[in-house]
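These notes concern the structure reproduced below.
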Amino acid sequence: MGRSVLGVVCTVLAVAASLVTGIVNVVLEISLPGTDALHVTVAAVLGWLLGIGASILLVWRWRWPLVVTGVAVAPPLLLVADSLAALIALAALATRFTGWWRWSAAALVFAATGLAVWRDAGRPQESSLAEAWISTETIGAKLIGVAITAAIYTAVPLTVGIVRYNLTEKRRLAAEEAALRDQVARREEQARIAREMHDVLGHRLSLLSLQAGALEVTAATTPDAAEAAKTVRTTARQSLDDLRQVIGVLRGAGFADRAPGGPAEPFQPTLADIPELIAGARQAGLAVNVTILLDQASSAPAPLGTAAYRILQEALTNVLRHAPGAPTELLVRGGPGAGLSLEVFNALPPQPVP
């Protein structure tokens, strides 16, 4: 809102200044010093009228900078008019264009400004504004003064336009870089979640396979068949829920795109969830002897707890998958300043694994 108001104010000031300088220029052009008579010429009147049109067109200088600049340089080049509108339009053009367009427009505006200053310096001293700093004693001195003045007048809006263009490009490149970083972060997040979901699904599906096999063999003779069936059902439901989550993440743009209040990231386990993991492995038929020696486990960083849980989950999954029924030793120990140690040992399976 602030930038739009500032833009409107700048446009109003630019149009007003161009109109005022156009009026001053035409008054000085048609006035005869020392008399009340006016020396009205067609070139002065047409130049003033076209200058009014060019001043009004400054409202659209950001939308059509080439058109506005082309119209604004015509009155001072072809008739008798001020070049302020062309100078203001040049700043907008230099902000939008580079290379040939920018320097060609700068050359035209320089020529138009030089002609306007030349005409002003050629008026009687009482009607000339440029007489104060341009020497008219010789043609050479007048040419040098006009060229320097026109160059300074042209350099100011050209520099403003180039600086604004560079700032705009810098903001554009920064926005593109931020978008690229965001895209890379989303892809990394997707890959991380996919890896984690692979571990989760691998563990649960391994349990499901083992429980289903046990149920198939012992359903008729074992009183625990109902409990095994319940475990199969629970594990299958959890695996399907995890599968829906990972598919939803990989189809979308990742958790970085989720709006506030939207679906949260899947639950991240900690060190406190390790006993539940071991209980699930034992329920699946794994004979595991556990030793946990942790000091201040509740204060451990969340990423450390998640990593430890996933490592143990993968290790127990491998035992269940490749050495079912083998006795297993699991040791977890550590604390602040000592680090965290995870050790999992398993014997050879009692019989060959299919």
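Evaluation of the side chain to side chain contact (heavy atoms under 4.5 Å, CB included) rule for Ala111 yields Leu77 as partners, not counting sequence neighbours. Under the rule for a salt bridge (charged side-chain N to carboxylate O under 4.0 Å, His left out), Glu188 has no partner lying at least two apart in sequence or in another chain. Every residue was checked against the side-chain hydrogen bond (donor to acceptor under 3.5 Å, both in side chains) condition with Thr328, not counting sequence neighbours, and none meets it. In this view, Arg181 and Glu177 satisfy the salt bridge (charged side-chain N to carboxylate O under 4.0 Å, His left out) rule, not counting sequence neighbours. Applying the side-chain hydrogen bond (donor to acceptor under 3.5 Å, both in side chains) test to Gln296 and every residue at least two apart in sequence or in another chain returns nothing. Looking at residues two or more places apart in sequence or on another chain, you find no side-chain hydrogen bond (donor to acceptor under 3.5 Å, both in side chains) involving Gln183. For the side-chain hydrogen bond (donor to acceptor under 3.5 Å, both in side chains) test, no residue two or more places apart in sequence or in another chain qualifies with Thr98. Listed by chain and number, the residues in a side chain to side chain contact (heavy atoms under 4.5 Å, CB included) with Pro301 are Pro303, Leu304 (sequence neighbours excluded). Under the side chain to side chain contact (heavy atoms under 4.5 Å, CB included) criterion, Ala315 pairs with Val344, not counting sequence neighbours.
In terms of heavy atoms, Gly47 sits closest to Ala81 at O-CB, 3.6 Å. Across all non-hydrogen atoms, the minimal contact from Val26 to Ile23 is CG1-O, 3.2 Å. Summarising the geometry of Asn25 relative to Asp82, their closest heavy-atom pair is ND2-N, 3.7 Å, with the distance given to 0.1 Å. The two residues Ala91 and Thr95 have their closest heavy-atom pair at O-OG1, 2.8 Å. Pairing each heavy atom of Leu316 with each of Ala281, the nearest pair is CD1-CB, 4.1 Å. Smallest separation of non-hydrogen atoms from Asn289 and Glu329: ND2-OE1, 3.1 Å.
In this structure, Leu93 CG and Tyr165 OH are separated by 12.0 Å, a value rounded to the nearest 0.5 Å. We find the CG-CG distance between Leu108 and Leu90 to be 10.0 Å, quoted to the nearest 0.5 Å. Note that the CD1 atom of Ile274 and the CG atom of Leu342 stand 6.5 Å from one another [nearest 0.5 Å]. Interatomic distance, Ile278 CD1 to Leu286 CG, rounded to the nearest 0.5 Å: 10.0 Å. Rounding to the nearest 0.5 angstrom, the gap separating the CZ atom in Arg61 from the SG atom in Cys10 is 7.5 Å.
Using a 4.5 Å heavy-atom threshold, the side chains of Leu271 and Leu340 count as touching. Between Tyr309 and Thr270 the shortest side-chain heavy-atom distance does not fall below 4.5 Å. At least one side-chain heavy atom of Arg310 sits less than 4.5 Å from a side-chain heavy atom of Pro269. Residues Pro336 and Asp295 have side chains in contact (heavy-atom distance under 4.5 Å, counting atoms from C-beta outward).
Screening residues 331-353 for salt bridge (charged side-chain N to carboxylate O under 4.0 Å, His left out), with sequence neighbours left out, gives Arg333-Glu343.
The environment of Glu276 atom CD is sparse: at most 12 non-hydrogen atoms of other residues, nucleotides or ligands sit within 6.0 angstrom. Other residues, nucleotides and ligands place more than 12 heavy atoms under 6.0 Å from the CZ atom of Arg172.
The main-chain N or O of Ala178 is never found under 3.5 Å from a side-chain atom of Asp182 such that the two would form a donor-acceptor pair. Side chain of Thr317 to backbone of Gln313: a donor-acceptor contact under 3.5 angstrom is found.
Tracing side-chain contacts under 4.5 Å through hydrophobic residues (I, L, V, M, F, W, Y), one reaches Ile52 starting from Leu58; they form part of the same cluster. Residues Trp101 and Val109 do not share a hydrophobic cluster, defined by chaining ILVMFWY side chains whose heavy atoms lie under 4.5 Å apart. Both Trp48 and Ile56 are members of a single hydrophobic cluster when ILVMFWY side chains are connected at heavy-atom separations under 4.5 Å. Linking Ile, Leu, Val, Met, Phe, Trp and Tyr whenever their side-chain heavy atoms come within less than 4.5 Å puts Leu19 and Leu49 in one cluster. Linking Ile, Leu, Val, Met, Phe, Trp and Tyr whenever their side-chain heavy atoms come within less than 4.5 Å puts Leu87 and Leu50 in one cluster.
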| said: Let's go through Arg96 and Thr168 carefully: what are the C-alpha distance in whole Å and the side-chain angles of both, what is the deciding distance for side chain to side chain donor-acceptor pair (under 3.5 Å) to 0.1 Å, and is it a yes or a no? | reply: CA-CA 9 Å; Arg96 297 281 301 277; Thr168 302; over 6 Å; no
Expected list for residues 148-163: side-chain donor-acceptor pairs under 3.5 angstrom, two or more places apart:
{"unit_1": "Thr149", "atom_1": "OG1", "unit_2": "Trp133", "atom_2": "NE1", "d": "3.0"}
{"unit_1": "Thr149", "atom_1": "OG1", "unit_2": "Gly145", "atom_2": "O", "d": "2.8"}
{"unit_1": "Thr154", "atom_1": "OG1", "unit_2": "Ala150", "atom_2": "O", "d": "2.8"}
{"unit_1": "Thr159", "atom_1": "OG1", "unit_2": "Ala155", "atom_2": "O", "d": "2.7"}

Identify all side-chain donor-acceptor contacts of residues 65-76 below 3.5 Å with residues at least two apart in sequence or on another chain.
{"unit_1": "Thr69", "atom_1": "OG1", "unit_2": "Pro65", "atom_2": "O", "d": "2.7"}
{"unit_1": "Thr69", "atom_1": "OG1", "unit_2": "Ala89", "atom_2": "O", "d": "3.4"}

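Between Glu189 and Arg186 no salt bridge is recorded (no basic side-chain N to carboxylate O distance below 4.0 Å).
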